[in-house]
Amino acid sequence: MNLWKKYHNAQTVSDALQALAEAPGTAVLIAGGTDLMLDLQQGNHPPVHTLVDVTAIPEMTALEIRDGELFIGASVPHAKITKSQIVQEHAAALATACGLVGGPQVRNTATLGGNVGHALPAADGTIALTALDAEAEVASLEGRRRVPLEQLFAGPGESTLDPRGELLVGFYVPLGESNQASAFKRIMRPQGVAIAILNTAVWLQRDAQAEVIADVRISIGPSGPVPRRLRKTEDTLRGKIFNDETLAMGVEVVVEEANFRTSRHRATKEYRHHMAGVLLEETLSMAWLRSHANEGVFV
Amino acid sequence: MMNLQVNGKPIEIEPQPGETLADLLRVRLGLTGTKIGCEEAECGACTVLVDGEPVVSCAYPAERADGKEILTIEGLASLTPNSYQKVGDRSDELGSELHPLQEAFITHGAIQCGFCTPGQILTAHALIEEKPDLTSTDVRKALKDTLCRCAGYPSIEKAILAAADAIRTGEPVAPPTIDLSSKPLKTIGDINFRPDAIEKATGTAKFTDDLIFDGMLHARVKRSDYPHAILESLDVEKARALPGVVCVLTATDIPGENNHGLVIFDWPVLVGLGERVRYMGDALAIVAAESEAIAAEALTLIEAELSPQEVVDNPVRAREEDAPDLHESGNLLKHIKVRKGDVEEGFADSDITLEHTFYTQTTDHAFLEPECSIARPTEDGRMEIYVGSQIPYADRNQVARALGWPEKRVRVMGQLMGGGFGGKEDIAGQIHAALLADVTGRPVKLLFDRQESLLVHPKRHATQIKLKVGAKNDGQLTAVRTELYGDTGAYASLGEKVMGRATAHSSGPYEMPHMRADCYAMYTNNPPAGAFRGFGALQGQFAIENMMDRLAEALDIDPVELRRMNALQVGSTTNTGQILRESTGLMECLDKIDAEMRRLAKDDGYESPFAPLPAPRSPHLVRSWGFAVAYKNTGFGGGAPDKASAEVELYPDGTLEVRTSSAELGQGLVTVLQMVAAEEFAMSPQRVKVLVMDTDLTPDGGPTTASRQTYVTGNAARYAAKTLREAITTTLAEKYDQPPDQIRFVEGLAQVNGHKIPLGDAVALMKAEGREPRVMYEYWAPETQPLGEGGDMHFAFSFAAQAVEVEVNTRTGEVDVLRVVVANDVGKALNPLGLKGQIEGGVVMGVGHALTENYIIEGGVPFTDRLARYRMPNITQTPEIISFIVEHPTEDGPYGAKGVGEIVSIPTIPAITNAIYNAVGVRIDRLPVDQELIVKEIGDKY
Ligand SMILES: Cc1cc2nc3c(=O)[nH]c(=O)nc-3n(C[C@H](O)[C@H](O)[C@H](O)COP(=O)(O)OP(=O)(O)OC[C@H]3O[C@@H](n4cnc5c(N)ncnc54)[C@H](O)[C@@H]3O)c2cc1C
Ligand code: FES
Ligand code: FES
């Protein structure tokens, strides 16, 4: 029982799509393989006929500023993202999140595309992208389309992509502007499963005159079956002066809005409630602080 | 075809379906320096560099390496920088061409079992290439997921920093700073590198799974789907029919006895029809096939019908009247009792009594090398077993029993072991491999994957310990009463012994007039529990050391002072009625740690070490210190005869060989034996070879357990060497007509009357006299008394004190261990480099047991079914360790030495929980520490 029969090192996006569509049996995309290989090895994914490797496709390993947006190829490994100067500048939350995934060896192969493609509600890279208002570029043999990140997910471990006909090429993140900043934090349990108990990404825009939160985006995982933004909480905070009172109000709404649950050997619902408050407060404060530091630095 | 470069050589090779890079390297290219610890991308043992970047090769599809450059440990030495080759290379001295990193790992004692070493060195190499002027922080970041269970993390870190310095400056690798014995002898007490360190650093070391024999088959085991059931039917025909399957065996195929065990033979080799399955690891059938994949597929074709029974999932339930009986003898493995004086009188006499119940968790040894056995039938009708085992002679006995053979027909050949910690004392795959090899006539390898390893081998006993202490207002203990329940799981293993130690140590290293303990070691449907570093003494002293701090608080006495007042010292009578006549260095340990802790705390601005100290800018991060002491027996004790044999031979080339079956699991016994023989002959340890773990060639050294090997086998080797030296002296005295006391041994030569005679000549002289230059010595440790009979229950105890500084995050409940100050009374520090490794590893394992490790079982079903669900500490969780060596020699120990292997972890755990209380006021009575509980109790915010 081999876990796969054929391994295809795709050279271009259309090569990958073709291989995916034309394989005589089951065919699956593989990037770093740090999710997929383990699923195959542990029997959580049935053996497949063809693995289509997308890690050597130049278009998918690009990381650059492109037409006023930050483009991160789906096959860029976390290690590269976290060390990238432009990601640190324009998408600090993502740089932090990617730097926390797994360990150094895993980060050298595990990719952002795989993190999103695996579609787990608390994947670190995904949560950061969600708060950064990223869009994914999706390719099929018919052409390309752009999809807001939140629309990629159908349920835990399930994406809305056609598994035999579509792939993620990369992600577009708006460039940072003066008085904008983002932050990411997570809390782990030292025992048991190494998935975050909770992770939080925040993006905000500061109104420099009034010292108010002009705009804000928040995502917390896991706060439901799919990664998502917490819009009620955002609405509560938007336009408010940044102070302890506002933070406390935000914390209150988060607990209502997010659908926290107890997961066995990871965390109780109550601890998640408590931690959501702590993380929200800490990420908001950090982003707020950074928005000062970022005043006018963007070119 | 794919083309890749491996260690600078171009390779063209046909890809194979489903192949990982690790398999390609290990199996097809024979580069077995790349190790497999988990196949889950968790442990980092399989790390290789792909285009200069470290990746885990177990999760890397081989075909992705097409066109890439791979570096494995075997290729590193050739990359030694030129500048370094000129200046710093010590290859002459070390006898091999080495990269500075490899040299630094060896000289800094960063290699213990060596299973993680290739991964560590390669990860470090990539880091140095990327950042030549790296810092400690860089090292810790880069090595976060390259786990070392021997946990010499501080030495690993220092070795890497030293190597980076050497590469950058072209200077030789700086030596480590090591505390030597206060009174070093010639070799004993000085620095000596492990003899196997070079092969471990270069990747040439062979562990069992690295061995391949012609025609070798691969075995897998069909195990139970239920923790408690009766096997109703078993159909293996479909599995037998699968092409590539050579043999499938069930219980009826066992020629000899269908059970094994170390004390009680209660563990079925294979569960038979109508028989009881007692845990999920029970074996129902075994398969040998041409490949591992075929064997694995065959398992899916075996149809077993089991009727589930009520699961007994904890020892308290197991003792209830209406609980189902798991064994014919019932569920009670042993009721263990300790009695001293009359506790009721003691409590009546006390001013204060405190009572509390504590819980310790099940933990797994998680040695990085999963179990592997190879059985090979020989042409003369014998069976060879290649295995990393802590008790080779017990393996021989149990394999022979199952085969129905005399013991001598079986030869166990112990291999290098990637850690053991007590988890490789019981049978794993030895018997199954032998049965299959016997039927097929071919060599059979049975390798556990990590999941199987976690499921099958005995764990540390989970315990429930009810403790009541009574004391006078001035702090004098009047009475201690303990009641323990130990979860010994499905089979006896060493459960009775472990819980015996837990019981005897449950009142701590203190003297009190009255003590009463009752322990119930109960069978359950959980995985068996057996030996694990700390051996019950760890659980027992978690409870009492926690209680001592509670008592100190209740009496308003300094916790160190309370311990000092009650500490065992020379002249004390232990709770089992043993009078301590010597070698009781507890007070010195305690004083040293107390002083150092107070000095450090004062420097940091603590009001008192046990007061909380919030961080100036982040008041939610609160630090404090905690204190604990411990003791641990050396050797079996309790009346069990404790002996070991060793043989020492002098060869014509003037080198010595020491032979004993005792096991080297990474702990450093081989180094100690080498040093002992070298000391007796006043020669360089490099001229002493040590052969261990071969039941044909080495005499029985007994089990490697109970911190006994340095003492018992060390003594056997010492007396064997001494007797041999005396025999040589006699020969030379006669030959040169000199009084024997005029003959000296210096630098590998005998000096007689001004002549220097090479020892090889002495061999010739002895042979001419018809005497063999060889001595076998059977050493019997001082006699001990069974529990309950008073007198010496143990022939020696080690003592320790520790202070731990923690930082607690009051918002999240997270706990960080910052500093650990340790003092260990080891009698004599024979091998300081090895001792350092034991101390680092022991502390880190203690941190793990307190904070990260938990083998979770639910209703007999392990939730912890893979390494991703079992967290052992990594380098970023390693505290700064400050160590003091205390040497109160024990008269009968070799040069005064006693055990060190187990004592270190014991006080770390209660010292951490005491420190947490001192920081944030939350008492921890259950392991591991739960961060949720801390926040909840701090704020009751929910
Ligand atoms: C030890 C360890 C620790 C980890 N720690 C973390 C952690 O802290 N945080 C965290 O978030 N995750 C963690 N992970 C999970 C995993 O590493 C990450 O989710 C990673 O980003 C997955 O990327 P990959 O490239 O390896 O994905 P792969 O395993 O290659 O793919 C994952 C899934 O995505 C699909 N896919 C891949 N690329 C594409 C594409 N371009 N378009 C569409 N679908 C695609 C695949 O078909 C597959 O279903 C950890 C994993 C391990 C082994
Ligand atoms: S990470 Fe590959 S074997 Fe453990
Ligand atoms: S030396 Fe690292 S695991 Fe043993």
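Order of the sequence lines sets the chain letters (A, B, ...), proteins ahead of strands, with each chain counted from 1.
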Enquirer: Which atoms of A:His265 are under 4.5 Å from chain B, going by heavy atoms: the side chain, the backbone, both sets, or neither?
Expert: side chain
Enquirer: Salt-bridge test for B:Asp930 and A:Arg189: reply yes if a basic N is under 4.0 Å from a carboxylate O, no otherwise.
Expert: yes
Enquirer: Non-hydrogen atoms of chain B under 4.5 Å away: do they reach the side chain of A:Ala267, the backbone, both or neither?
Expert: both
Enquirer: State, to 0.1 Å, how close A:Met37 and B:Cys58 come at their nearest heavy-atom pair, and which atoms those are.
Expert: CE-O, 4.4 Å
Enquirer: Does B:Pro61 reach the side chain of A:Trp4, with side-chain heavy atoms less than 4.5 Å apart?
Expert: yes
Enquirer: Name the region of B:Ile856, side chain, backbone, both or neither, that has any atom closer than 4.5 Å to a heavy atom of chain A.
Expert: side chain
Enquirer: For chain A, which candidate among B:Gln877, B:Arg869, B:Glu858, B:Glu19 shows the most heavy-atom pairs at distances under 4.5 Å?
Expert: B:Glu858
Enquirer: Are A:Thr268 and B:Glu932 linked by a side-chain donor-acceptor pair shorter than 3.5 Å?
Expert: yes
Enquirer: Looking only at heavy atoms and a cut-off of under 4.5 Å, which of B:Glu853, B:Met872, B:Arg866 has the most pairs with chain A?
Expert: B:Arg866
Enquirer: Who wins among A:Thr34, A:Leu40, A:Leu3, A:Ile30 for the most heavy-atom pairs under 4.5 Å with chain B?
Expert: A:Ile30
Enquirer: Would you verify whether the NZ or CZ of A:Arg272 falls within 45 degrees of the ring axis of A:Phe260 while also being under 6.0 Å from that six-membered ring's centre?
Expert: no
Enquirer: Side chain to side chain donor-acceptor pair (under 3.5 Å), that's the test. Do B:Thr363 and B:His849 meet it? Break it down for me.
Expert: CA-CA 7 Å; B:Thr363 54; B:His849 276 63; 2.9 Å; yes
Enquirer: Taking every non-hydrogen pair under 4.5 Å, which of A:Lys5, A:His273, A:Arg264 racks up the most with chain B?
Expert: A:Arg264
Enquirer: Can you tell which of A:Asn199, A:Leu279, A:Val202 makes a side chain to side chain contact (heavy atoms under 4.5 Å, CB included) with A:Phe184?
Expert: A:Asn199
Enquirer: How about residues 106-119 of chain A versus chain B: which residues have heavy atoms under 4.5 Å apart?
Expert: A:Val106, A:Asn108, A:Thr109
Enquirer: Does a side-chain heavy-atom distance below 4.5 Å link A:Leu168 with A:Met60?
Expert: no
Enquirer: Side chain, backbone, both or neither: which part of A:Leu51 has a heavy atom under 4.5 Å from chain B?
Expert: neither
Enquirer: What pairs with B:Asp816 under salt bridge (Lys or Arg N to Asp or Glu O under 4.0 Å), at least two apart in sequence or on another chain?
Expert: none
Enquirer: Let me know if B:Ser291 has heavy atoms under 4.5 Å from chain A in its side chain, its backbone, both or neither.
Expert: neither
Enquirer: Is B:Asp66 in contact with chain A via its backbone, its side chain, both, or neither, using a 4.5 Å heavy-atom distance?
Expert: side chain
Enquirer: Taking atom types as modelled, is there a side-chain donor on B:Gln120 or B:Thr146 under 3.5 Å from an acceptor on the other?
Expert: no
Enquirer: Side chain, backbone, both or neither: which part of B:Ala59 has a non-hydrogen atom closer than 4.5 Å to chain A?
Expert: both
Enquirer: Taking every non-hydrogen pair under 4.5 Å, which of B:Phe863, B:Tyr870, B:Tyr855 racks up the most with chain A?
Expert: B:Phe863
Enquirer: Sequence neighbours left out, cut at 3.5 Å: what donor-acceptor pairs do the side chains of residues 44-54 of chain B make with other protein atoms?
Expert:
unit_1	atom_1	unit_2	atom_2	d
B:Thr47	OG1	A:Gln105	NE2	2.9
B:Thr47	OG1	B:Gly44	O	2.6
B:Asp51	OD1	B:Glu69	N	2.9

Enquirer: Looking at B:Arg871, B:Gln16, B:His620, which makes the most heavy-atom pairs under 4.5 Å with chain A?
Expert: B:Arg871
Enquirer: Mind checking what makes side-chain contact (heavy atoms from CB on, under 4.5 Å) contact with B:Ala65, not counting sequence neighbours?
Expert: B:Leu4, B:Leu21, B:Tyr60, B:Ile70
